[in-house]
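Below is one structure, written out as structure tokens; comments come after it.
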Amino acid sequence: MDAQAQSQDLREKFNAAGQGQVFRFWEDLSETQREGLLQQASEIDLSEVDGLYQNLVMGGAEEGQGLDGLEPAPYMAHPSKGGDLEAWKKAFMTGEDTLKAGKVAAFTVAGGQGTRLGYDGPKGTFPVTPVKQKSLFQVFAEKIRAANSRYGCSIPWLIMTSHINHHQTVNFFQEHDYFGLDANEVWFFSQGRMPAVDADGKIILEAPDKIAMSPDGHGGALRALVRSGSVARLQERGISVLSYFQVDNVLVRAIDPAFIGFHVLESSEMSSKMIPKRDASEKLGIFCVQDGQTKVIEYSDMPAEMQAETDENGVLRYLAGSIAIHVLDVEFVNRVGSGGEFQLPFHRAHKKIPTATESGETVKPEEPNGYKFEMFVFDALPFAKNATTIETLREDDFSPVKNAEGSDSPQTAKDDQLRQFARWAEAAGVRLEVDETEKPAFDFEVSPLFADSEAAFVTTWRHLDPKPTLEHGTYLE
Ligand code: UTP
């Protein structure tokens with residue numbers, strides 16, 4: 001079929017599916033605009049969109065998941081919270097061996113829109129550290145470099161972007177010389193996208209030549225890993241596990257040997273880290289078991305009284321909060337990301353979607369006017385054999401930058417880093433003045449290349465001669 005016939009065919013399909021409005025400005029578009037619009041339209045699976053509208057919007061299939069037979073998921077307690085120290089030591093050594101054997105890659109999902117933060121640019125480029133104002137991407141790059149030199153390996157770093165931020169992300173790395181990583185070891189790929197629909201199921205046009213499309217959620221990572229050829233590339237390299245984390249979590253232990261070790265020892269296909277929820281109302285998904293399968297139940301899907309249930313010791317029953325840190329088997333990603341019987345479910349989100357008016361101008365509505373469809377990575381858990389969950393310490397693994405102000409903001413991320421640096425320094429015998437929240441009285445910074453854990457700090461500090469004075473603006477690298 002030639003280009004003309006293809007265009008005709010596609011527009012007829014949209015008409016037949018009741019989606020002809022997508023081409024309502026066709027006559028006014030330039031040749032280039034038409035090509036752009038056709039490209040977007042060709043990515044849309046019309047029957048999938050219709051099915052999602054029927055099920056998730058009309059059918060209300062999202063109105064809460066079945067909670068019958070739900071139980072809290074078991075987890076491996078942290079050694080500082082009564083966990084089995086020997087098991088942790090063994091896991092740590094197994095993880096180290098896995099790293100030394102070159103079987104691990106790091107994987108960051110960075111395709112989100114970051115609307116709550118309201119920052120103009122990919123979230124990974126956001127400056128977060130207290131003294132050097134390093135970006136999130138730089139912090140992770142240095143954590144990976146630290147692991148490379150400790151384990152004598154070269155850990156590839158996969159970064160999933162989206163159509164909204166792909167070029168800006170790649171340019172940022174080029175401009176900063178990949179933060180000292182080998183450029184060949186940083187693999188970018190863009191995730192899939194989905195059109196938004198209005199209350200009648202009509203695909204929304206954002207501008208005369210632009211369909212309102214948004215990234216298909218972090219769960220889109222599995223199929224994007226397969227489609228982009230990343231899985232094949234990993235397999236060729238003999239890499240068997242992915243260390244998965246989100247772009248907004250400055251404290252994440254990007255490469256954590258004990259976590260990787262538990263995953264390997266348990267023959268788990270997808271492992272997760274949990275933290276005990278601060279209180280019943282903390283907005284974290286909750287690790288549960290249902291019909292023998294591990295799953296994360298979103299906080300909005302569990303009734304408040306159930307979230308508040310306590311055991312005989314007064315501890316929350318549904319304690320295990322999900323912080324979106326996983327280890328995934330490459331084989332598992334291949335199986336689930338290839339589709340077929342393993343399709344992850346979509347969820348709907350009611351949002352304010354910029355829309356083209358009849359005159360072709362884009363307006364941002366005051367109220368939600370349409371639905372976006374997204375997949376969530378934790379929905380892969382029920383498909384995973386031996387899904388394993390381990391406990392981690394919030395102060396060493398979780399401080400996300402979500403909002404411009406208040407909780408989970410740049411300020412809390414900075415304070416949490418300062419507290420961590422202060423704890424490490426104190427463990428090395430340095431006396432520091434801290435306030436009642438354990439925050440030091442001044443700003444200083446520790447590069448992951450100096451130390452990426454308390455144990456590493458203590459060792460590096462011991463060998464420093466002379467030892468620097470820690471004061472406002474000190475940077476240890
Ligand atoms: P969030 O759920 O916090 O969404 O993403 P967001 O898009 O970053 O921010 P808001 O909700 O618009 O304010 C959690 C993680 O999942 C990634 C994000 O980049 C972040 O690392 N993500 C999210 C994707 O990679 N793709 C998506 O489609 C959605």
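Atom set for the values below is all heavy atoms of this structure, side chains included, hydrogens, waters and symmetry mates excluded. Every number for a ligand or one of its atoms is a count from 1 in the order of the listing. Heads up: numbering here begins at 1 and tracks the sequence.
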Check your understanding: What residue among K385, R335, H263 forms side chain to side chain contact (heavy atoms under 4.5 Å, CB included) with D329?
Key -> H263
**Study point:** Any donor-acceptor pair under 3.5 Å from R348 side chain to L52 backbone
**Key:** no
Review point. Is any N or O atom of K402, backbone or side chain, closer than 3.5 Å to an N or O atom of ligand 1?
Key: yes
Revision key, fill the gap. Atoms of ligand 1 under 4.0 Å from any heavy atom of V247, numbered from 1 in the order shown, are 19 (O), 21 (O)
Exercise for review: Check the pair K352, E366 against salt bridge (charged side-chain N to carboxylate O under 4.0 Å, His left out), reporting the backbone distance first and the verdict last.
Suggested key: CA-CA 7 Å; K352 295 177 201 163; E366 298 288 322; over 6 Å; no
Point to revise | Gap between atom OG1 of T388 and atom CZ of F262 - 0.5 Å precision | key: 9.5 Å
Point to revise | Residue, atom name and distance, where the atom is the protein heavy atom closest to atom 6 (P) of ligand 1 | key: G114 N, 3.6 Å
Check your understanding: Do D198 side-chain atoms and K202 backbone N/O form a donor-acceptor pair below 3.5 Å?
Key -> yes
**Study point:** Protein contact to atom 12 (O) of ligand 1 [nearest heavy atom, distance to 0.1 Å]
**Key:** T115 OG1, 2.4 Å
Review point. Numbering the atoms of ligand 1 from 1, which are under 4.0 Å from a heavy atom of K123?
Key: 8 (O)
Review point. Any Lys/Arg nitrogen of K134 or E142 sitting under 4.0 Å from an Asp/Glu carboxylate oxygen of the other?
Key: yes
Point to revise | Per-atom contacts, ligand 1 versus P215 - under 4.0 Å to a heavy atom | key: 28 (O)
Point to revise | Exercise: do T392 and D397 side chains pair donor with acceptor under 3.5 Å | key: yes
Review point. Which residue and non-hydrogen atom of the protein lie closest to atom 26 (N) of ligand 1, and at what distance in Å?
Key: Q191 OE1, 2.7 Å
Review point. Counting N and O atoms only, with roles assigned by atom type, does the side chain of E405 sit under 3.5 Å from a partner on the main chain of Q411, one being a donor and the other an acceptor?
Key: no
Review point. For atom 29 (C) of ligand 1, which of M375, H218, Q246, K351 has the closest heavy atom?
Key: H218
Check your understanding: For M160, is at least one N or O under 3.5 Å away from an N or O on ligand 1?
Key -> no
Check your understanding: So is G217 in contact with ligand 1, going by heavy-atom distances below 4.0 Å?
Key -> yes
Study note, to complete from the structure: min-distance protein heavy atom vs atom 7 (O) of ligand 1 -> Q113 N, 2.8 Å
Practice item. Note the single closest protein heavy atom to atom 25 (O) of ligand 1, along with its residue, its atom name and the distance in Å. Key: G111 N, 2.8 Å
**Study point:** Protein heavy-atom partner closest to atom 4 (O) of ligand 1 - residue, atom, separation in Å
**Key:** R116 NH2, 4.1 Å
**Study point:** Parallel, tilted or perpendicular: ring planes of H176 versus F172, cut at 30 and 60 degrees
**Key:** tilted
Practice item. Inspect the contact between R116 and D408 and indicate whether a charged nitrogen and a carboxylate oxygen are less than 4.0 angstrom apart. Key: no
Review point. What residue and atom, counting heavy atoms only, is the protein's closest point to atom 23 (C) of ligand 1, and at what distance?
Key: G112 CA, 3.7 Å
Review point. In the protein, what heavy atom is nearest to atom 20 (C) of ligand 1, and what distance, to one decimal place, separates them?
Key: V109 O, 3.8 Å
